[in-house]
Participant: 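I have a structure I would like to understand better, so I am pasting it below and will then ask my questions one at a time.
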Amino acid sequence: MNRTKGDEEEYWNSSKFKAFTFDDEDDELSQLKESKRAVNSLRDFVDDDDDDDLERVSWTGEPVGSRTRPGSFQSLSDALSDTPAKSYAPELGRPKGEYRDYSNDWSPSDTVRRLRKGKVCSLERFRSLQDKLQLLEEAVSMHDGNVITAVLIFLKRTLSKEILFRELEVRQIALRHLIHFLKEIGDQKLLLDLFRFLDRTEELALSHYREHLNIQDADKRKEFLKTCIGLPFSAEDSAHIQDHYTLLERQIIIEANDCHLESAGQTEIFRKHPRKASILNMPLVTTLFYSCFYHYTEAEGTFSSPVNLKKTFKIPDKQYVLTALAARAKLRAWNDVDALFTTKNWLGYTKKRAPIGFHRVVEILHKNNAPVQILQEYVNLVEDVDTKLNLATKFKCHDVVIDTCRDLKDRQQLLAYRSKVDKGSAEEEKIDALLSSSQIRWKN
């Protein structure tokens, strides 16, 4: 249907909807067919919450639908197919005194105040750039984030992004709200365009990097991360991106190899302990635990070797020992646990050393049901006497408690502990022998 502007004005002025005009060529709704615009003309002046306050009207003006089905507009094709015998004027479900709620004469400040109170109002009347910016400034002056966001959504829809970015660049409060809103709704493209315009290169790079979260395929994610290397990150973030890429590259190799070993059924560790999940996209510490669990004895030159991971990603000694201990204790590989803490000096003497503290070693061993003999060995290595006694008592390391009380010459504590051991047990006999010994000078 082809009409001149004059024809269009004559057409709408002769329509039943005389209260409204639709001459805003920049509005997005102008791209719809004229028939659909007429059917939905009232909808632009109320929000979704008030849809049930007015009758639905068809092309001819007859009410369609029912208040018993709020929010159910008929489709365009259904509306056009209705040919009732009578016509009715649209009815608003509000008193005439409230008609001004839907009028176009609200000022920017009035409109913002109404938005803040949650009342219905249309922003479509603000057509000039000056009016829209005044509306935004009023919203910012109200210090209400919801109102600011509502106005920004309107500006985003009705302004070109170049104009929107230019105006927000000098309005930092509104700019921050828009950035937050775009992140919340996931409009990555517009967010990237905004950061480019603002020349905020580091934020642009970080925003681009976050897109990897939307890539499920590991190989595609790896290739995407490769494109992130060299972007204008800070030095710390650049190192993180490089490590992320390297880690995923390793994980892909390990996953493919372990899938093959597990399916072949010829590797004991995979037969006894089938994998519960894929290693792909796991954190570095999880990958290290996996490596200590399935590949602990591998040579440093292999990608899946724990020592290789430690050196490649510069994992601190404390983190490495803690993770390796948890993995080997879970497998009850007590010899590996012992070797983890045994060091040898230049004279060939061995000594136990734990960068995480032996009290933590004891807690982890107990959690993994270590035998009491092993627990006692490591409880004895705890330097602080009170901590040692507490751990020994808690985990029923009787010999450690008895020997410590003897060394402290604490007769009262030894007597108190006697009631906690089994009657007739070797521990009770040991305590009785110490209490009756004339060689020990007990404290009073």
Side-chain angles (χ1 to χ4, degrees), residues 28 132-133 136 139-140 145-146 148-256 277-288 290 303 308-309 311-316 319:
E28 288 181 351
K132 291 176 181 178
L133 295 178
L136 178 61
V140 171
N146 291 331
I148 296 172
T149 302
V151 173
L152 285 170
I153 293 172
F154 169 64
L155 298 186
K156 172 179 173 287
R157 182 169 60 84
T158 58
L159 293 177
S160 69
K161 64 183 180 183
E162 290 79 11
I163 294 176
L164 177 64
F165 295 167
R166 183 191 70 202
E167 297 299 335
L168 292 184
E169 187 176 15
V170 295
R171 295 171 173 83
Q172 289 297 307
I173 294 176
L175 177 62
R176 288 196 295 271
H177 276 79
L178 180 63
I179 291 172
H180 178 76
F181 173 70
L182 294 177
K183 288 179 179 178
E184 287 291 312
I185 66 172
D187 193 339
Q188 194 71 14
K189 184 178 184 304
L190 189 60
L191 190 61
L192 291 174
D193 290 341
L194 176 57
F195 286 144
R196 287 191 189 96
F197 177 86
L198 298 172
D199 197 29
R200 288 159 65 162
T201 56
E202 188 173 336
E203 288 181 86
L204 174 63
L206 286 171
S207 187
H208 177 72
Y209 166 68
R210 290 190 190 100
E211 289 187 29
H212 81 271
L213 296 171
N214 300 320
I215 304 174
Q216 300 301 318
D217 181 81
D219 288 303
K220 291 181 179 178
R221 181 180 284 200
K222 184 192 75 171
E223 292 307 312
F224 176 81
L225 290 173
K226 190 175 182 179
T227 68
C228 295
I229 298 173
L231 291 178
F233 294 103
S234 66
E236 183 180 357
D237 288 336
S238 292
H240 169 78
I241 303 300
Q242 180 65 61
D243 282 347
H244 191 173
Y245 170 77
T246 304
L247 178 62
L248 182 55
E249 185 179 42
R250 294 282 183 90
Q251 289 173 341
I252 291 172
I253 296 171
I254 295 171
E255 178 70 15
S278 166
I279 194 62
L280 296 177
N281 299 315
M282 291 295 180
L284 176 58
V285 172
T286 305
T287 306
L288 178 61
Y290 178 95
F303 283 151
N308 189 305
L309 286 172
K311 291 187 175 180
T312 300
F313 297 100
K314 298 179 176 62
I315 299 173
Q319 184 65 69

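What you see is a predicted model, and the numbers here were worked out from it, not measured in a lab.
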Participant: Which pairs pass side-chain hydrogen bond (donor to acceptor under 3.5 Å, both in side chains) with one or both residues in residues 225-237, sequence neighbours excluded?
Facilitator: S234-D237
Participant: Is the closest side-chain heavy-atom distance between F303 and E249 below 4.5 Å?
Facilitator: no
Participant: Locate the shortest heavy-atom distance separating Q251 from P283; write the atom from each residue and the value.
Facilitator: NE2-O, 4.4 Å
Participant: Distance check, rounded to the nearest 0.5 Å: I254 atom CD1 versus M282 atom CE?
Facilitator: 12.5 Å
Participant: At their closest point, which heavy atom of L152 faces which heavy atom of A174, and how far apart are they?
Facilitator: CD1-O, 3.4 Å
Participant: Nearest 0.5 Å, please: how far is CD in E203 from CZ in F195?
Facilitator: 4.5 Å
Participant: Are L194 and L164 side-chain neighbours, meaning at least one heavy-atom pair lies under 4.5 Å?
Facilitator: no
Participant: Rounded to the nearest 0.5 Å, what separation is found between the CD atom of Q216 and the CG atom of L280?
Facilitator: 11.5 Å
Participant: Can you confirm whether F233 sits close enough to I241 that some side-chain heavy atom of one is under 4.5 Å from a side-chain heavy atom of the other?
Facilitator: yes
Participant: I need the R196 CZ to L191 CG distance, nearest 0.5 Å.
Facilitator: 10.0 Å
Participant: I need the full list of ring-ring contact (aromatic ring centres under 6.0 Å, His included) pairs touching residues 166-193, with sequence neighbours left out, sorted by first then second residue.
Facilitator: none
Participant: Could you list the residues that satisfy side chain to side chain donor-acceptor pair (under 3.5 Å) with Q319, not counting sequence neighbours?
Facilitator: T323
Participant: Which residues satisfy the side chain to side chain contact (heavy atoms under 4.5 Å, CB included) test with L284, sequence neighbours excluded?
Facilitator: L247, F313, I315
Participant: Measure the CG-CG distance between L178 and L155 for me, rounded to the nearest 0.5 Å.
Facilitator: 9.0 Å
Participant: Answer yes if the side chains of Q242 and T246 hold a donor-acceptor pair under 3.5 Å, and no otherwise.
Facilitator: yes
Participant: I'd like a table of donor-acceptor pairs (distance under 3.5 Å, sequence neighbours excluded) in which one partner is a side-chain atom from residues 218-225, with atom names and distances.
Facilitator:
unit_1, atom_1, unit_2, atom_2, d
R221, NE, H212, O, 3.1
R221, NE, I215, O, 3.0
R221, NH1, N281, OD1, 3.3
R221, NH2, H212, O, 3.2
R221, NH2, I215, O, 3.0

Participant: Taking only residues two or more places apart in sequence or in another chain, which ones pass side chain to side chain donor-acceptor pair (under 3.5 Å) with T149?
Facilitator: none
Participant: Holding to side chain to side chain donor-acceptor pair (under 3.5 Å), I want the full list of residues that pass it with R250, two or more places apart in sequence or in another chain.
Facilitator: N308, T312
Participant: Side chains of E202 and P232: does their closest heavy-atom pair fall under 4.5 Å?
Facilitator: no
Participant: Mind checking what makes ring pair (Phe, Tyr, Trp, His ring centres under 6.0 Å) contact with F165, not counting sequence neighbours?
Facilitator: F197
Participant: What pair of heavy atoms forms the shortest contact from A139 to I148, and how long is it?
Facilitator: O-CG1, 3.5 Å
Participant: Report the distance from atom CG of L198 to atom CG of L168, rounding to the nearest 0.5 Å.
Facilitator: 8.5 Å
Participant: If you look at every heavy atom in E211 and L192, which pair is closest and at what distance?
Facilitator: OE2-CD1, 3.3 Å
Participant: Just to verify, what does Y245 make a side chain to side chain donor-acceptor pair (under 3.5 Å) with, not counting sequence neighbours?
Facilitator: none
Participant: Which salt bridge (Lys or Arg N to Asp or Glu O under 4.0 Å) pairs, counting each pair once, include a residue from residues 160-180, with sequence neighbours left out?
Facilitator: E137-R171, K161-D193, E167-R171
